[in-house]
Amino acid sequence: MTASVFFGCTFIAFGPAIALFLFTIARDPLRVIFLIAGAFFWLCSLLLSSLVWFITVQISNKESSSQQKGLLIFGVVLSVLLQETCRFGYYKLLKKANEGLLMLSAEETMPISIRQLAYVSGLGFGFMSGAFSMVNILADSVGPGTIGIHGDSQHYFLSSAFMTMAIVLLHMFWGVVFFDSCEKQHWWSLAVVVISHLLVSCLTFQNPQYVGSLVPTYIIVFLLGLWAFFCSGGSLRNLKLCLTCKDKDFLLANHRPR
Amino acid sequence: MFAEFAGKILEYFVERYRVHFVLDVSCNSVAQKIYVELNNTVPCVRLLNATHQIGCQSSISGDTGVIHVLESEADLEWPLSKGPNPPYMVLLESSLFTKSIMMKMKNASSRVAGVVVVQKTSPPEFSPHTTCPNENTGVYTETYDHNLAHCNTTVWNPRGNGLSYEEFDSPVFSLKEDNETEVIKQCYFDHNRVVNGSGLQYPLCAMQLFSHMHAVTDTATCMRRSSMDFSTSPVMVCDPLGGYNVCAFIRPYNSTAFGHKENESVVIAAARLDSRAFFLEDSTGAEGSVSGFVTLLAAAQALREATQEAPPTRNILFAFFHGEVFDYIGSSRMVYDMKNNMFVIDLDNVHSILEIGQVAVRSGTNLFLHSDPVSRRNNTVHDEVTNLVKNLQSSTAGLNFSLVETDFSQPLPPSSFQRLLRARAIPGIVLADHQTDINNRYYESFYDNAAHLNLTYPSNLSPEEQLEFVTDTAKSLTEVATAVARALFKQAGGNNSQVNKINADPKTVTQMLYGFLVRSNNSWFQAVMAPELKDILQPNPPQYYVGVAKSSHQANALTYLVQYLLANLTGTATNLTQSQCKKPDELPNESTYLYSYLWVQGVVPPNSTQRESFCVRTAVRLVKAVSPAFDLGDYISKEYSTWTKSQWKFIKARIFLVASRDLEMLTLGVGVAVLFTSLLVTYFVRTKADVLFSSVREPNNAAY
């Protein structure tokens, strides 16, 4: 649809991700490494799920539309499960790596905490997932035409961009909650993460009713965001203090010697 | 390589993950949802000569415009001034494809992105050619005769509007009336119609045309740019036009011995092969060229037996010239070869010439004999011409028409004979159906087709039955062919008693007319063609545009058809096997110096499926027809044709919907807003991170 739509959709889809990367990750090389490793793990999960998809499509009956429908649902569910499995695998790997890093580093404390790792790995997953979702669509949005000549909805680009933004944020929140629940052995919250991921993916089957898929997704983003905030040490009191700018007094008052 | 494979799988899967959930689960990429490609388009391309560039050009990234279907000439105001969403892509029907409308759109090129012409009904008359065809390369120059130059006495094509020789800055494409055009019209009616005076609602249906031409200015410039590349494979920017002439002597000469032949006198019987139209790939040419060369082919067949039984004193050369529309490429090449001893005979051997012009659209029962008044001022030439006229007029005895000489002061119509006259004052006659200006209302246009010649077949006939059906046009052309054959026989000094046995065959003529104007893929053409060339036969008529001169020895479909037909009609079938046909010199009585040996498919006998292929011995040869200007390197030549065709990378057309500018800007605005907001929020959260995330859960591991 021309360059303005291209840039508009890019900023919508990757704006939060870029902002987060610039301000919180870019300065610290260790975080960058873990981000990229997280992206790699997401790619592995996608590779596995697409192998399975490819094989099943080839052996399926291409003419039968109900079979193809079922195959698509199966593919989506399998991909979600594989992504979460890879997230768990990454968690295990990071735990092992943390011990090794502790031995190598000169300081007594760990250079990067598991909570930070949760955030960084979730963002890595989000980046890669968003890239794969959006890049093809962005490439076609540069041309002069927009979707619609076959009767489809015009808002495809915009809603894809918003969906991608939601997915990026969601992966970040899921990462935080997932690692936190693995640390505390709260298996029920793990299950909630997986179920919410499945829910969001299955909501996309409502397209082209974009309202039907985007609104519930953003509700889930908001809820998960709150949960991740509480998991990572936030509380309503801290929020109120920040917002009313009384934080300086608070810090001084709470300063403890280490 | 594994990464590529993995990448492809990933892409495939991700597209499925993100795509709309539709029942038809074929691989729909996003581009397929946006664009509809148009496949059956014919573009107008750029041609260049020594001084000008003509034709159409698009910008390098294509020209996009909102589709507007033009309903009348008054409706032109909408794209030119009133319409609120320029630029427009104007879609018009063939009846509106006139010079005035095209010129108005040419002048408003900022608002008109391109033109698409939909071929529908024929207008009553239309000729995009110039009024005086080939005026600078014929024989009538200022020095030859001042009064006759530049069509001062007779304007041959008064209906000509010169549209083919205009230069357009925007692409012009042509579409047939088929499913694709229906899709375009449906898109237009759904999205682009003005509803009761209210403005147009976005999204609008738009079209993009790509036809970027590499060559500019003129032939000299583009040839210079082509040769500037120093790599081993030079990149050509334009290609010279040209092809092959088809020549056959009734008594062949040694094809390796060039130059003057002692005591040989040759009568040339000439016709033109090619035609053009505004859209070059859509050239028909029923009256313009087919009528002439089909008559000559039938005459050649009629003469076969008589000349074999009692060979006349003079030789006869049947010459079919290609590229005549573009400043006489074929005939100027033959004259150049004759003058420079590169042809088997030279100009001194030429006794006289009879050319068949446009002969199918008569305004009465007569046909007319045109001659050149300037050369006839010489008494010898005048006597010879009078003798030729006498031979011609006596040949119509017993036929249903007569031949009338035209007015003495009238010059020759555009014909290959003019190029021979430029070299030498040779006596000659051009046979045509028009007395003064031409009868062809569709000269060098797309509408000069079978319908123009009234070639109608009863509707209940199958294609093979239509092939055999003798139409009235075929009957009249047969009579002309008979007269031509008899006149040629007499002119060549043949025995007068044999003349009445010379008759053209109406069945051959009607089969040729069907094959050249209706469908070339019929059983007779299949039988006369070589097995390796049978794919050039299509369910449509062949293309009559001369095309570019290929460096390999490949001619276009029309040339091969005429070559193999002439071989079949004038040659002899031999008993040679296929391998002998390839190397006949090993046999005692065969000689490739005199003849060429062609292996042809033959007919399918009724009770079998195998074709009875055989070897034809024929005197037909293909002679290269490229303008001498390219051999001489003289790209600004005024003497020879300098026509070239530009090269291009790709030509395509597609339609899609465009969104309003406001929606695009809104998207960009929302994106920038989202980016700024997220930058601000992230900065805020980062600076306050100590406070926000300070509820310590692990007492000893506070490491922020």
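Quick caveat, the model's predicted, so the values are computed rather than measured.
- Note: Leu675(B) leads Val685(B), Val681(B), Leu675(B), Asp190(B) in heavy-atom pairs under 4.5 Å with chain A.
- Closest approach of Lys33(B) and His150(A) over heavy atoms only: O-CD2, 3.9 Å.
- Asp28(A) is linked by a salt bridge (Lys or Arg N to Asp or Glu O under 4.0 Å) to Arg31(A), counting only residues two or more places apart in sequence or in another chain.
- Residue with the most contacts toward chain A among Val672(B), Leu679(B), Val658(B): Leu679(B) (heavy-atom pairs, distance under 4.5 Å).
- Counting heavy atoms from C-beta outward, Thr146(A) and Ile34(B) have side chains that stay 4.5 Å or more apart.
- Residues forming a ring-ring contact (aromatic ring centres under 6.0 Å, His included) with Tyr683(B) (at least two apart in sequence, or on another chain): Phe23(A).
- Ranked by heavy-atom pairs under 4.5 Å with chain A, the first of Thr64(B), Leu680(B), Thr677(B), Val674(B) is Val674(B).
- At a threshold of 4.5 Å between non-hydrogen side-chain atoms, the residues Leu668(B) and Val5(A) do not count as touching.
- Across every non-hydrogen atom of Ile149(A) and Cys187(B), the tightest pair is CD1-SG, 3.9 Å.
- Heavy-atom distances place no part of Phe21(A) under 4.5 Å from chain B, backbone and side chain included.
- Within the 4.5 Å cutoff, the side chain of Ile12(A) has heavy atoms near those of the Val670(B) side chain.
- Residues Thr682(B) and Leu22(A) form no side-chain contact, since every pair of their non-hydrogen atoms from C-beta on lies 4.5 Å or further apart.
- The minimum heavy-atom distance between Gly148(A) and Leu657(B), with the atom names listed, is C-CD1, 3.4 Å.
- How far CD of Gln32(B) is from CG of Asp140(A): 10.0 Å, rounded to the nearest 0.5 Å.
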